[in-house]
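What follows is a single structure, written as structure tokens, with notes after it.
Here is how names work: the chains are called A, B, and so on, in the same order as the sequence lines, proteins then strands, and each is numbered from 1. Fair warning: this is a prediction, and the values are worked out from it, not measured in the lab.
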Amino acid sequence: MAKVRLPQGKLLEAAGVSLEELLLKQGLTGEVVGALYDGELHDIRDPLPTDGEVRALTLSDPEALEILRHTAAHVLAQAVLRLFPGTKLAIGPAIADGFYYDFEFPESISHEDLPEIEEEMKRIVAADYPVERVFLPREEAIGLYRERGEAYKLELLSEIPDERISFYKQGEFMDLCRGPHLPSTGLVKHFKLLDLAGAYWRGDSTRVMLTRIYGTAFASAEALEQHLRWREEARRRDHRRLGPELDLFSIHNDTIGAGLVLWHPKGARVRHEIESFWKERHFAAGYQLVYTPHIGRARLWQRSGHLDFYREGMYAPMDIEGQEFFIKPMNCPFHIAIYKSRTRSYRDLPIKYAELGTVYRYERSGVLHGLLRVRGFTQDDAHIICRPDQVEAEIRKVLRFALEILRAFGFSDFSAHLSTRPAKYVGTPEAWDLATAALRRAIEAEGLDYDVREGEGAFYGPKIDLDIEDSLRRSWQLTTIQFDFNLPERFDMTYIGEDGREHRPYMIHRALLGSLERFFGILIEHYGGAFPVWLAPVQAAVLPITEEQIPYAEEVAERLRTAGLRAEAWTRGGKTLRYLIREAQLQKIPYMLVCGAREAEAGKAALRLRTGEDLGALDLEEIIARIRDRVQRKTPEL
RNA sequence: GCCGGCGUAGCUCAGCAGGCAGAGCAGCGGUUUCGUAAACCGCAGGUCGGAGGUUCGACUCCUCUCGCCGGCUCCA
């Protein structure tokens, strides 16, 4: 007997029926849209399990969103078939925050067609068609799709082993589908079509390009509104918009090259602060800073294996006095060369080389995206070289270190992924096991949520990836901690052990921020361009009310700069205070020091915060102490 | 790379039935000397992304090309 928990908490016992039948028998209808058991979503028309606990879901359960969106995708497909007869259907799943359906249209459509499709969808919702589940024998299903010329559906069918094929039907529309679905189309009340994009059939660039329509659906109008507001906020915070607006960076495809970033003075100042903090923390954590060249001979990349395994990510060689050189896609071979420059003792380990190393990798033009996907970038790279008995402690340290650094930048929600040994790998299973266990224990010691990606590790070693969640609740993968059993072999890295013999060290690659370019892009969006005081390129703007106060404003700015703060006196003259304040607000400068005749007289400044708060006239020492305090604590407070 | 959309002044955008290319902001010059998110007047600024075609005439229509944006992982 299965125990069925209803939305109001009531428990029912059931056997041999579906949830739908059970509810009908009880005279309970309408509200329940799906079931959750064995950790999976199920259709209310599915037979219930023979035992265990079943949760009946209503639209107000977050788990039911996936069902709602899947049905919304069907409504979309139904509307499209009505408006564009002859359209072929591909797939239409629910995704992270919405749904899509891939179509092959007889003629291409554009954004302008979306409202019309949306209108038709509304009619389908208003008609409130019951959604029925139908099973067809395999042959009949194939016959049906042959007749309609639905090549994509036929291909999908050919991969389904079952003899009874599951279909869902609503009104005149019927689609091959595993489900689950809502009981009727009338429940899809709050949806919106969002985007139109090309998408390869099955994500394979050698196959045809279909037209994908994206949409989203929610259980309530408020939730839909909220989601649309978030999209709008994300658009407003787009680093590609804020970058030029705040004069942080620029990218010039036509003159300089795609995916190559120019850091303007203000962006460079933010980067400098990030780098200074990074270096200081790394020294404190026992890392040694190194610098290595941008190019190296072909034989180096031959030995490292990059030319065999990574060539498509590398730029063409250059000829220097008859020898081939490659621009570096990674820093590791250079760090290894430093390690190998002398004989290492077990007493020397662990050795941790850190470098803000600029690398260049080929990315297809279409995937380049602002600072987030570029061709030239600076990794915050380090290699930890240690003995087997140090692995555990070093992994713990590096994970804890990563979290400490990320927290300083205002990130507090983390999740981890542990990727384990794939089918093809180098190194011994024992080494993999030791490394994987160390990674797992480190994650658990930090109390992080994590999932295990079985077999997803690189061929050369297992790894931990850390995702952070930003202020718009989007997640980004930043930190990666990877074992490497390949390069120490290839370069024959050794140390002399207590026994006087050569041993192979363990090597761990790690990047905490990933790349400075990408991290900067994420930071810009996370803060919406309003950096915390310690990172703000300009911390204080000193604003004279009339030209009379220009000398005083300059003096005030100078005082702040002498105190180690980043202050500018805005002394161009002829501008009203209102104008200057608006400028400073748009530049998202944390502090505005207003200097009028009264302040100049008293040796003070009126402090206005970026939040709009006016703190009135304060002594300069008080202002300096306040700003320094915020810088020192790296707090977002002003 | 591929599909769809978009390229007009440094930025944001208007314009077109095919008939002299426009506005605001920014810049420059001047006037104003101002108390918490845009003072006022003036000046300058353009191969309408590029090339070709149709036409008496193209920013406008057609073809090609370059660039940008959305997407190409989510699996009936």
Selection from B:rU33, B:rA37, B:rA39 that lies nearest to any side-chain heavy atom of A:T576 = B:rA39

Determine the interatomic distance between C1' on B:rU65 and the same-named atom on B:rA9; round to the nearest Å.
-> 24 Å

What does B:rC74 pair with, Watson-Crick or G-U, if both distances are under 3.5 Å?
-> none

Is any side-chain N of the basic residue among A:K463 and A:D465 closer than 4.0 Å to the acidic one's carboxylate O?
-> yes

Any donor-acceptor pair under 3.5 Å joining the side chain of A:E599 to the base of B:rG35?
-> yes

Using the C1' atom in both, what is the distance from B:rA44 to B:rG22, to the nearest Å?
-> 16 Å

Can A:R202 and A:E155 be counted as an ion pair, charged N to O under 4.0 angstrom?
-> yes

Could you check whether A:R212 gets within reach of a base, just the sugar-phosphate, or nothing at all, counting any heavy atom under 4.0 Å?
-> sugar-phosphate

Polar-atom pairs under 3.5 Å, protein N or O versus N or O of nucleotides 3-10 of chain B: list them with distances, or write none.
residue	atom	partner	partner atom	Å
B:rC3	O2	A:G198	N	3.1

Looking at B:rA37, B:rC75, B:rA39, which one has an atom nearest to any side-chain atom of A:R202?
-> B:rC75

Would you kindly give the OH-to-P distance between A:Y200 and B:rU73, to the nearest whole Å?
-> 9 Å

B:rC13 versus B:rC72 - spacing of their C1' atoms, nearest Å | 31 Å

Looking at every strand, decide which applies to A:A94 at a 4.0 Å heavy-atom threshold: base, sugar-phosphate, or nothing.
-> sugar-phosphate

With a 4.0 Å cut-off, would you call A:R474 and A:E525 a salt bridge?
-> yes

Measure from CD on A:Q587 to P on B:rC11 and round the result to the nearest Å.
-> 16 Å

Cationic N near anionic O, under 4.0 Å, A:R559 to A:E621 | yes

Donor-acceptor pair under 3.5 Å, A:E548 side chain vs B:rU33 base | no

Interatomic distance where CZ belongs to A:R236 and C1' belongs to B:rU12 [whole Å] | 16 Å

Length of the line joining A:E363:CD and B:rC72:C1', which is rounded to integer Å = 15 Å

Look at the side chain of A:R361 and the backbone N and O of A:G376, then say whether any donor-acceptor pair between them is shorter than 3.5 Å.
-> no

Would you say B:rC28 has OP1 or OP2 under 4.0 Å from some side-chain N or O of A:R572?
-> yes

Under a 3.5 Å limit on both distances, the Watson-Crick or wobble mate of B:rC34 is none

Hey, is A:E66 close enough to A:R69 for a salt bridge, meaning N to O under 4.0 Å?
-> no

Find which nucleotide of RNA chain B each of A:R240 and A:G612 is nearest to by heavy atoms, and output the residue with the more 5' nucleotide.
-> A:G612

Ranking B:rU32, B:rG35, B:rC75 by distance to the side chain of A:P93, first place goes to B:rC75

Please give, in whole Å, the distance from B:rA37 P to A:L609 CG?
-> 13 Å

Residue A:I545, side-chain atoms from C-beta onward, closest of B:rC72, B:rC34, B:rU36 = B:rC34

Looking only at atom C1', what distance separates B:rC34 and B:rG24, rounded to whole Å?
-> 24 Å

Counting any heavy atom closer than 4.0 Å, what does A:A606 reach on the DNA or RNA strands: base, sugar-phosphate only, or nothing?
-> base

Pairing partner (Watson-Crick or G-U wobble, both distances under 3.5 angstrom) of B:rG57 = none

Any strand: nucleotide that pairs with B:rG18 via Watson-Crick or wobble, under 3.5 Å = none

Provide the distance between the two C1' atoms, one in B:rG70 and one in B:rC61, to the nearest whole Å.
-> 27 Å

Check whether the side chains of A:Y152 and A:D102 place a donor and an acceptor atom closer than 3.5 Å, and report yes or no.
-> no

Within the structure, does a side-chain N or O atom of A:H369 lie under 4.0 Å from either OP1 or OP2 of B:rG70?
-> yes

Any side-chain N or O of A:Y100 under 4.0 Å from OP1/OP2 of B:rU73?
-> no

Partner of B:rA9 by Watson-Crick or G-U wobble geometry, both contacts under 3.5 Å, or none?
-> none

Heavy atoms under 4.0 Å, any strand shown: does A:G92 hit a base, just sugar-phosphate, or nothing?
-> nothing

A:R582 has its side chain closest, among B:rG71, B:rC34, B:rA37, to B:rA37

Separation of B:rG35 atom C1' from A:L618 atom CG, nearest Å, is 15 Å

Can you check the A:L586 CG to B:rU36 C1' distance for me, whole Å?
-> 14 Å

Let me see the working for A:E104 and A:R212 under salt bridge (Lys or Arg N to Asp or Glu O under 4.0 Å), right down to the final yes or no.
-> CA-CA 9 Å; A:E104 183 187 302; A:R212 175 170 297 180; over 6 Å; no

Could you check which nucleotide pairs with B:rG29 in any of the strands shown, counting Watson-Crick or G-U wobble with both distances under 3.5 Å?
-> B:rC41

Short side-chain N/O contact from A:Y579 to OP1 or OP2 of B:rA26, under 4.0 Å = yes

In whole angstroms, the gap separating P of B:rA37 from CZ of A:R610 amounts to 16 Å

Under-4.0 Å salt bridge between A:R237 and A:E245 = no

Roughly how far apart, to the nearest Å, are B:rC6 and B:rC25 at atom P?
-> 29 Å

Could you work out which one of B:rA39, B:rU36, B:rC75 sits closest to the side chain of A:R178?
-> B:rC75

Euclidean distance for P, B:rG10 against B:rG49 (whole angstrom) = 12 Å

How would you label the contact of A:E66 with the nucleic acid (heavy atoms, under 4.0 Å): base, sugar-phosphate, or nothing?
-> nothing

Using the P atoms only, state how far B:rU60 lies from B:rA51, rounded to an integer number of Å.
-> 12 Å

Is A:R133 close enough and on-axis enough to A:Y168, meaning under 6.0 Å and within 45°, for cation-pi?
-> no

For B:rA51, the nucleotide meeting Watson-Crick or G-U wobble distances (both under 3.5 Å) is B:rU63

Hey, can you tell me if A:F249 and A:F520 have their rings parallel, tilted or perpendicular (30° and 60° cut-offs)?
-> perpendicular

